[in-house]
Amino acid sequence: MSTFEPQIIGYCCANCASSAAQIAEKMGLSLPENVKVIQLPCTGRLDSLHLLKALEAGADGVYVAGCQPDSCQFKHGVEKAQKKVKYVQTLLPALGVEPDRVALFHMMAGKGQQFVDAASAMVEKIRALGPSPLKD
Amino acid sequence: MEDRAEVVFLEPDYDVTGKIRALSGISPELCYQCRKCTSGCPLTFAMDYYPDQIVRYLLLGLEEKVLSSATVWVCSACETCTTRCPNEIDIAGLMDYLKQQAHARGLVRPKENLSYAFHKAFLDDIGRRGRVFETGLLQRYMLSSGAWKAKLSDGTLWEEIRLGLALFRRGRLPLRPRGIRDTHELRRLFEKAPVSSENTTQSSAS
Amino acid sequence: MTETKEKKNKGNVLVVGGGVAGLNAALDLAAQGYHVDLVEKESDLGGTVAKLHRLYPLCSCCKAANRATLCKMHPNIRAWTKSSVARISGQAGAFQAVIAGPTGETPIEADAVILAMGVEPFNPQAYDTYAYAAYENVISSIELEWLQKPVGPFQGVPKRPSDGQPPKKVAWLQCVGSREINKCDAPYCSSVCCMYALKEAVQLKDALPEAETTIFFMDMRTHGKGYEKYFEDAKQKGVRLVRSRIHSIEKAAGTEDLVLEYVDENGAKQVETFDLVVLSVGLRPSAELEELAKMLGVTLSEDHYVAVDNFKPCETNVAGVFVCGGATGPRDVHQSVVEAGAAAAKAAAWTKGVSGNGAVAEFRDVSGEAPSVGVVLSLCPSKLPEFEALIDPLAAFVKTLPGVTFVERLDLLDSAAFGRLSQRLQAAGVNRLVYASCTPLMHQELVESAMKEAGLNPSLYEFVDLRALGSTPVEMNRLQDLFRTAVLKARMLEPLNYAKVPVKKSALVIGGGLAGMQAALALAEMDVPVTLVEKKDRLGGHAHKVRSAWKGESVQDFLKSTIDKVTQHPKITVLTSAEVVGARGFAGNYISTVRHNGQKKEIEHGVVVLATGAHSIKPDEYAYGKHPEIYRWSDFTKKLIDDPAAFKSAQCAVFIQCVGSREPQRPYCSRLCCTFAVRSAIDLKTLNPDMDVYVLYREVRTFGERERIYKEAREKGVFFIRFDLDSKPQVSIEDGRLKVVVTDPILGRPLALSPDFISLQTAIIPAEAADLAAFYKVSLNEDGFFAESPAKMRPVDGETEGVFFAGLALAPKPVEESLAEAWAVAGRAMRLLRQDVMLVGGAVAEVDPDKCAVCLTCVRTCPFHIPFIDSPQGHAFIDPGLCQGCGMCVSECPGKAISYRRLSDDHIAVMALSLLGSDVN
């Protein structure tokens, strides 16, 4: 039985998450290979649809990386994203999907390690959950 | 210590700091209450006013209060304060100046202040002969301060006597005083007016 | 060297120093069309700020680093690292300098010079009693910053030098190397140490929640915008503050722990053991400043910083040589960035060149063409060679993707790289671009200009982010997915609408105080016509009640001459008794309605400067209003201005500080009152040496070089008494005589004073500005002052482009700082105004009128209040000139009536599929 390698989509904002990525790059850190990033201008751009579409497309897990609630360059973008994530988490059980497959992380612009740790934590969590039930 | 809640109607005498500056070259008015002096002073446990409080009182011109304090005599001039004051106020020097002022104005009595008694006995000896006569010094100190009475009552006087005999046997306690040759120069030193502009603590003990 | 090249730039400016001030000055100048030579002595740009951790409020890690990258990439900026100015001569308009670096010496020419050489931390070895060199666990604050940095040796969790354990009990000692003439010759205050100690303590507790933090201080100087609140929050978070300075550090016997002895605020001697002691070291001018100043003939102050006239901030005594940041004196990052803007503006005003960016090339109409994608990879030099090895096979793969026309590398070390990119795009005839790099956002501006120059709509590109990727062959799969997705997305992109809007090259300045007038004069000097609107019937604002600047210079004289200059300037139109009652438009294109003399007129302008000022409150404590000799300080000053001998016969004067400031309902510091009180006290003592002058304060905040006048005041016999919020002085009136009772904290007893007059230093509150904020789509902070851009390091910009702030309207500040802000505003405004045409639109939210249900969700969502319901049309309208493209309204709209065509829902769905390996077509 081969070990399961989850496929993760990460929606990252162009501000704090991007800056954190910059620091991670400077520190020589790298995201786990299973994680692929789609950059949004602000996590406020996130629609519940995007989380669901990603799962539908075959992602085993989806996470959102945005600013700290008090540092969002667009003031309350990350709060809105949090709402969407929570909403999707309530929908997922009805579809037979574990709500933990979607998550939101607040980034600090200077913490490169945190940027990578969030991704790794997600990978670990999803690995434990197994492949997405939506996949045939 | 008096009642600290009693409201003092300030009649500050800002001339005091000017006088201090003129007579000793020290500028206590530069103090900005950082408390380093008091924090570092090793003898605060024995003082009634802390060094920074002494400076503060002087800024207000309440010289009399300061001159009759114990602090001024407890100060051992270790200069921990002086070396650390960010404004370069020579606090130890200020204490010296205050000692001199207290003595000059007759505000202290040997019987009330052991420290002063010792200072006085020591300086009187030097003033007379240019050299300390240890035997006479001890005698004079004990008698003038009345310390011998206290020592008698608590029994420590006998120890002092035993110590004195031991010192005498080793030739440490001369029986006769010896002085310097040119005592007139010495007298001139004692009568000379204090230096004003330099930041020194040399001053007369008249 | 430049003879063969046509002078494309307005001029050349030499900026010496690549720290936060130098970087910002260089970028501002480059944006205004100048070429900049940026010289930095260290091996990388960034200066002191790059070595610090999470500054407040301008966090440095991202923003300073970004600016450093941009300076290195910018076609108009030549960054010289590990270099210094070996020789310089000449005069304004024709400086000749020789830059000495690793490759030898290079002569350059400059029209102007900006000194931005910054500061160095004081070496605390001079404090022998602190045993900095001897005890391992005594470190300097700079060292702690490095330990706290996530990129530092311990990933942001500091460890004790002696045993590598996390510290449990940390002490900070303030004023090490500042406010001191004993152990060092620095009678000035370093301005930043109180704040940074608080920040370090808070950050330490963040990283080590169990740690106890204690700061031993004298005066807590948190006088900047938002700093006082930070101070209060720090106390809430458990940072302990002890008002007693430490005289020596001892070691606890047999350990490397440190013992501190001090007298506490109740007068009791305490002894405490700490396992780490941090010395909050002060600032010193850069070591190279002295020599360079001598070469240029620039005068230095007593403290060896550049001497500056308070009314001419950022200017030196040499024409054409300007100064900003730490080189002027100890100051924080915020002020340094303001001054960088001001110095850049002054340099630009000095070396006026040809303006305008000319016409914007027409965009080729690509609508009929099949998508043809050019792929460009630009790797930064720091990428590992293993990664480099993946590039060729990757490029080969990318070439096989449908729609790809070419795949090429771009060498980021080549400053002409972006110019060549534009030529390549044109030559290949591609109509889409995929740009892969490690710092996509930093290159955005450069990529877009390259595309514009090639005649391509600048929205037709997609980035591939090469950051935080591995370098092993396993990475290839992900790289292929990323590139396949990017090419797919690029093909799906439609050219977005850009309206070419001509920029109105004029400015509206609202507020005719010193800040407003100076901004108007600065802009006018750069040939921008200005309309200056003032609510009252005369110019001058709050300045009419300001007597002197901190060194005693007459503000009244300066005010009169400024008013004269403004009213006589041909380019400035002054409207007094006028108010702005409405406005619409966006950066480059505003139409504001002004009511003047009962009539409304419309003024068109490109930028707006809000300099609406502030005033001091009328207090309801200290018996104000109950006695004619109890003054508000503005009234006290007014009296002194009208009659300089007004208080000469007074026997006793009392100044009470912090009246209404630093209170729960107004938790900010009014910044200038301590300096004011000290200055006035000195002047009163000079007037009448026998007058007893008392200053009752909570902290003495004579920051920076102003500390010198605090000393002068003490020398003159001014008596300072500290009080706390819970032991305020009691003011009473007995038989018509004033009586003040205050407890002296050193003596521990109440003192009664009988002043002839009292001056209450009351809080500064901003003029009512909510309407203006709404008109121009900017916001006010919770204290009513304008809120600067959340984008950080933009201290005078509003959150909406085209709107700028200066002076008291932003926060309380002294005259010299308002003047610096006014100049910074002019410089920032010029970035916009120098363009002839602006591209408006692009990556913005667009409402589909047919789908809009007028539910007002977008109106309520937008953080900048941009959507509004256009009544004649009956649907929401989002002004493309104002939309910042965050996408929030797009996702909130319940009817999906708003689209964001730069990154639409369809795009995202396709990208997700593609990234997960599906072959989408």
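All of these numbers come straight from a predicted model, not from anything done at the bench. The sequence lines fix the lettering, A, B, ..., with proteins before strands; numbering per chain opens at 1.
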Using the rule given for side chain to side chain contact (heavy atoms under 4.5 Å, CB included), can you reason through A:Lys84 versus C:Ser891, listing the C-alpha separation, both sets of side-chain angles and the distance that settles it, and then say yes or no?
CA-CA 9 Å; A:Lys84 309 286 195 320; C:Ser891 67; 3.6 Å; yes
Do you know which of C:Glu892, C:Glu475, C:Gln884 has the most heavy-atom pairs under 4.5 Å to chain A?
C:Glu892
So what's closer than 4.5 Å to chain C heavy atoms on A:Leu31: side chain, backbone, both or neither?
both
Could you measure the distance from the CE atom of C:Met888 to the CG atom of A:Leu46? Nearest 0.5 Å is fine.
12.0 Å
d(A:His76 NE2, C:Thr861 OG1) to nearest 0.5 Å is 6.5 Å
For chain C, the option from A:Lys53, A:Glu33, A:Lys83 that forms the most heavy-atom pairs under 4.5 Å
A:Glu33
So which heavy atom on C:Ala468 is nearest to which on A:Glu25, and how close?
N-OE1, 2.9 Å
Separation between CG (C:Leu916) and CG (A:Asn34), nearest 0.5 Å, reads 11.0 Å
If you count heavy-atom pairs within less than 4.5 Å of chain C, which of A:Ala24, A:Cys16, A:Ala81, A:Gly58 leads?
A:Gly58
Between the side chains of C:Asp905 and A:Arg45, is the shortest nitrogen-to-carboxylate-oxygen separation below 4.0 Å, so that they form an ion pair?
yes
Which portion of A:Ile9 sits near chain C, non-hydrogen atoms under 4.5 angstrom
side chain
Side chain, backbone, both or neither of C:Phe864 within contact of chain A (heavy atoms, under 4.5 Å):
side chain
Nearest non-hydrogen partners of C:Gly885 and A:Pro41, listed with the distance
O-CB, 3.4 Å
Go through C:Ala912, C:Cys862, C:Pro863 and name the one with the most non-hydrogen pairs under 4.5 angstrom from chain A.
C:Pro863
Under a 4.5 Å heavy-atom cutoff, which of A:Gly112, A:Gly28, A:Cys72, A:Pro32 has the most pairs with chain C?
A:Pro32
Inspect the surroundings of NZ in A:Lys86 and state if more than 12 heavy atoms from other residues, nucleotides or ligands are less than 6.0 Å away.
no
Just by modelled atom types, is the A:Val35 backbone N or O under 3.5 Å from a matching donor or acceptor in the C:Arg478 side chain?
yes
Under 4.5 Å from a heavy atom of chain C, the part of A:Gln39 involved:
both
Distance check, rounded to the nearest 0.5 Å: A:Lys80 atom NZ versus C:Cys889 atom SG?
11.0 Å
Full working for side chain to side chain contact (heavy atoms under 4.5 Å, CB included) between A:Ser18 and C:Arg467:
CA-CA 9 Å; A:Ser18 178; C:Arg467 294 177 303 184; 2.8 Å; yes
Using non-hydrogen atoms and a 4.5 Å limit, figure out which bit of C:Leu903 sits close to chain A: side chain, backbone, both or neither.
both
Is the shortest heavy-atom distance from the side chain of C:Thr485 to the side chain of A:Lys36 under 4.5 Å?
no
What part of A:Val37 is in contact with chain C, defined as an atom under 4.5 angstrom from a non-hydrogen atom: side chain, backbone, both or neither?
backbone
Heavy-atom side-chain proximity of C:Ile908 to A:Leu40 below 4.5 angstrom
yes
What's the spacing between A:Ile38 CD1 and C:Leu482 CG if we round to 0.5 Å?
10.0 Å
Under a 4.5 Å heavy-atom cutoff, which of C:Gln155, C:Glu799, C:Arg902 has the most pairs with chain A?
C:Glu799
Does atom NZ (C:Lys205) have a neighbourhood of more than 12 heavy atoms from anything else shown, all under 6.0 Å?
yes
